[in-house]
Amino acid sequence: MTAGRVRSRWTGSALAAAVVLGGVLATLFVVAGLRTAQHDGSQRVMDQRAQMALAAVRAETDRYRTLLETTAAGIAAGDELNWADFDLASAPLASAGLIGAVAVAYVVPVTTAQIPAAQAHWRAAGTTDLTLRPEPGRDDHYFPVFTRLLNEQDGAGRTGTDLSGVPQPAAALRAAEETMRPTVSDTYVLVRDRGLPAGRQQQSFVFAAPVWTRANDPVFRGWVVLGLRGGDFLAGVLDTVSQGQLDGSLVAVNSDGSRAEVARLSVPGDPDLSRVDPVPVADHVWELGLRADSARLPGAGSRLPVIVLTGGLILTGLLGWLVLVLATGRARARARVEQATAELRAAEVESRKQAGLLGAIMTTLGDGVSVVDGDGRVLLENPAARRLMGVDDVGGHPETWQEHYGAYRADGVTPMPLEEMPLIRALHGEQTDGVEVFIRNAGRPDGVLLSVDGRPLDPSAGLRGAVAVSRDITDLRRYEKDLAIFAGVVAHDLKAPLAIVRGHCELAIEDPGDEQELRYSLSRIIRSVDRMDTLIETLLAYSTARDAPLRIGDVALEPLIREVLQERAAALRGSGPEPEWSVEPLPAVRADPAMLRHVLDNLIGNAFKYVRPGAVPRATVTSGVAAPGWAQIEVSDAGIGIPDPDKARIFESFHRAQGSAAYAGTGLGLAICQRIVDRHGGEIGVEDNPGGGTRFHFTLPAAAVGEDDTMNHIPAEPVGDEDAEVRAALDRALAERAAVLDSRLPGMGALPSAAPSSHDPAAARLHAPVPDHQHQD
Ligand code: ADP
């Protein structure tokens, strides 16, 4: 894994983390905003509820107080108060549905001394069963004398009970008398409730309204006292406004400053909002405490924040996951792209290497390779192809190929038809091998014979096309032609000794004669068989010798030529007119001495051979004009000459000029001369000798050898046994051939005439060992 890929993966994870963090923060921010809005909403709702509750409590207490004052005013109207008056005056209280109200009573102040009279009076006024029960140890007593229960369940009214023994109502009564205004007592447990279990006892209080006469000089008569249970009162009042959502507590601030909870109302929930407001109750100011669970308040308890939080977190998670997938997916995609790119680069390097290798192979190949596409456009032509075909540029449309390349059939003259060209045949799906195409153009003026193989392009190349491989078979064809002629000549020459064998055999059968004649025939047969064997062996060796390695050295020409001339002249001595010859001063050359000797020997031998019968053989060796660094040697004679049409062809193997039939020969000597001169880089030619006869000339590289130097026979390179053997075989072959041509039987006309053959100088210049018996013929 590359550093870039790791970085991308980390970048993707970091991006996803950032998205998640951002999403969570945004969600929390929105939730916080919602919570704040909700809180504000719940505060408003709480305020509204608190105001409503406060107003309800105030209204209710005011109503109680007002009703009580009205009752007190009604009681004060009459001079003598009796039960009927009280009943009438308190009737509105009974029908008012006062919440928490227990009873309303008319309370009168009575001193201890007045108790009997007061009891009698109030019994007479309507409370017949009244029994005043004063608190001991006191002089001022407050006795309820009329009691009206406001809640039937509370049982009988508690008339006659001395309230002075209960501090809270007693204080309220006194305060009402003094202030002449309604008062409210501190909280306490009603006397009637003190018998109840502690859990059911409620903090209660009483309203006390003083009753004064309406005379000009008002007289205090007593109090109208309304007793209320705090818990019931609060529950009743708050029930309508809290709707089960508000906790309430009514706290009475007592005269001594102590605070007592009059009532508490609890609702389910976990209150988090609270309000405390003062409530004027008669001469006291109490406190109404309200609490509420904001979650339970309408409009404030929405689950929206939770939903938003949950939804936001889920969305954030999804978004983060999506980003992570996309980012890492991108990283994965990039990794795949990088991998593909790396593979492509490797493939490119490999294909470049392959292309380089292919190019090198194409350049190195000795065979020409040409590739064309389906339309015949040349896609590739290696240097060997261009060299073979002698062109520098590729051919255009196939129609122009014949002219562009100078393509002919193997005969060298018939223009190659397009449909016969191997590449065109290959484009048509045909495989061709060894199609011979002769190329002759400005770059190949002498022409070259090509063997061309054509193939349709392999489908793996990805396009339709064809490929052609061509090789130069000019030399091969020439060699084959030489070989064919050579074989013909050899076969022909083998017939001579065979004819000798057959002739002697027939002679021995038909007329054996004496023993000496028989022995003679048998010895001729054996010799002919030996010659045939030697001929076959040495002629094969001769063909190989054409390519024997050169041993180049500096050679002084003149001594070598004189030696050859003397040997040739000596060989002819006695068989006709004495040969004449002359040699001019000649430069030294760089050549293979043995090969050079062979050239000179052949040319001089021909000069002495091709003369008219009876004429004097003449040979003159002179130096001609040559290019710098080169020497030209000319061999002239006064012989029969060569007809012009033959001059160009006498250097071909086995070609003999017209008029030479009377002279022994194979037509091989000049071909060998040309081959040797060619191998030295020189040229050989023939022309008429101005004085009659023929003049051969050839060039060789000049050497820095003085004219006086003796012939340099030292080989330029070591001579192996094999090489020496080949050369010996070459010489033996020529000598043997000369001997064969010379060996004739009377009456056998298969061979050329005896006279010229006897002049064949080849037979006279033998260096190689030749069987002794050949000279016996
Ligand atoms: P060969 O002499 O065995 O026939 P060469 O290759 O030496 O073969 O010569 C080829 C032919 O050239 C001869 O057959 C002959 O017709 C002709 N020729 C060669 N040298 C001479 C010459 N000096 N004068 C006339 N004709 C010659």
Side-chain angles (χ1 to χ4, degrees), residues 481-482 485-486 488-490 492-493 496 535 539 542-543 546 561 564-565 568-569 571-572 579-581 595 597-613 615-622 633-678 684-698 730-731 733-742 751-766:
K481 187 176 161 194
D482 285 357
I485 297 170
F486 184 79
V489 171
V490 169
H492 177 267
D493 287 358
L535 184 64
L539 285 181
Y542 160 70
S543 71
R546 293 201 333 161
I561 292 171
V564 172
L565 282 165
R568 282 290 179 177
L572 291 174
E580 294 177 1
W581 50 271
M595 297 268 193
R597 183 189 179 95
H598 188 87
V599 173
L600 291 168
D601 185 70
N602 201 64
L603 293 178
I604 290 168
N606 281 351
F608 285 166
K609 179 169 69 172
Y610 291 105
V611 295
R612 288 181 192 82
V616 177
R618 282 198 182 85
T620 307
V621 185
T622 55
I633 302 102
E634 298 177 347
V635 179
S636 312
D637 64 48
I640 60 172
I642 301 172
D644 282 343
D646 286 318
K647 282 195 178 78
R649 300 196 60 199
I650 53 171
F651 294 100
E652 292 177 10
S653 300
F654 306 108
H655 182 82
R656 308 204 71 210
Q658 204 177 0
S660 304
Y663 301 87
T666 60
L668 205 58
L670 285 179
I672 295 171
C673 289
Q674 185 178 43
R675 175 70 182 158
I676 291 171
V677 172
D678 278 353
I684 189 167
V686 65
E687 60 190 32
D688 290 336
N689 191 12
T694 310
R695 178 187 290 168
F696 285 91
H697 52 81
F698 64 95
L730 168 62
D731 286 338
L734 294 173
E736 192 68 22
R737 178 169 173 71
V740 168
L741 292 171
D742 194 32
L751 294 172
S753 65
S757 71
S758 63
H759 292 291
D760 191 345
R765 55 106 183 142
L766 297 177

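Ligands are counted one by one from 1 in listed order, and the atoms in each one are counted from 1 as well.
- Each of the following atoms of ligand 1 lies closer than 4.0 Å to a heavy atom of Lys609: 1 (P), 2 (O), 3 (O).
- Here the closest heavy-atom approach between residue Leu670 and residue Phe651 is recorded as O-CD2, 3.7 Å.
- At a heavy-atom distance under 4.0 Å, only side-chain atoms of Thr694, from C-beta outward, approach ligand 1.
- Closest of all the heavy-atom pairs between Tyr663 and Val611 is OH-O, 2.9 Å.
- Of all heavy-atom pairs spanning Asn689 and Ser636, the tightest one is ND2-CB, 3.6 Å.
- The distance from ligand 1 to the heavy atoms of Asn602 drops below 4.0 Å at these ligand atoms: 7 (O).
- Contact annotation for Ile640 and ligand 1: only side-chain heavy atoms (C-beta onward) come within less than 4.0 Å of the ligand.
- Taking a cut-off of under 4.0 Å to the non-hydrogen atoms of Ile642, the atoms of ligand 1 that pass are 18 (N), 25 (C), 26 (N), 27 (C).
- Interatomic distance, Phe696 CZ to Leu600 CG, rounded to the nearest 0.5 Å: 13.0 Å.
- Panel note: side chain Lys647, backbone Ile642; a donor-acceptor pair is recorded below 3.5 Å.
- Residue contacts with ligand 1 include Phe696, since one of its heavy atoms falls under 4.0 Å from the ligand.
- Some N or O of Ala657 is nearer than 3.5 Å to an N or O of ligand 1, by distance alone.
- Every atom of ligand 1 is numbered from 1 in the order shown, and the set under 4.0 Å from a heavy atom of Ser660 is 14 (O), 15 (C), 16 (O).
- Asp637 places no side-chain N or O within 3.5 Å of a backbone atom of Asn606 that could act as its donor or acceptor partner.
- When the options Phe608, Tyr663, Tyr610 are ranked by their closest heavy atom to atom 21 (C) of ligand 1, first place goes to Tyr610.
- At least one heavy atom of His655 sits closer than 4.0 Å to an atom of ligand 1.
- Looking at Leu670 next to ligand 1, an N or O pair under 3.5 Å apart turns up.
- Ligand 1 is approached by Gly641 to a heavy-atom distance shorter than 4.0 Å.
- The NE2 atom of His598 lies 4.0 Å from the CD1 atom of Ile672; values are rounded to the nearest 0.5 Å.
- Close approach of ligand 1 to Ile650 (heavy-atom distance below 4.0 Å) involves ligand atoms 12 (O).
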Please test Ile676 against Ile684 for side chain to side chain contact (heavy atoms under 4.5 Å, CB included), starting from the C-alpha separation and ending with a verdict.
CA-CA 10 Å; Ile676 291 171; Ile684 189 167; over 6 Å; no
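- With sequence neighbours excluded, the residues that form a side chain to side chain donor-acceptor pair (under 3.5 Å) with Glu634 are Thr622, Gln632.
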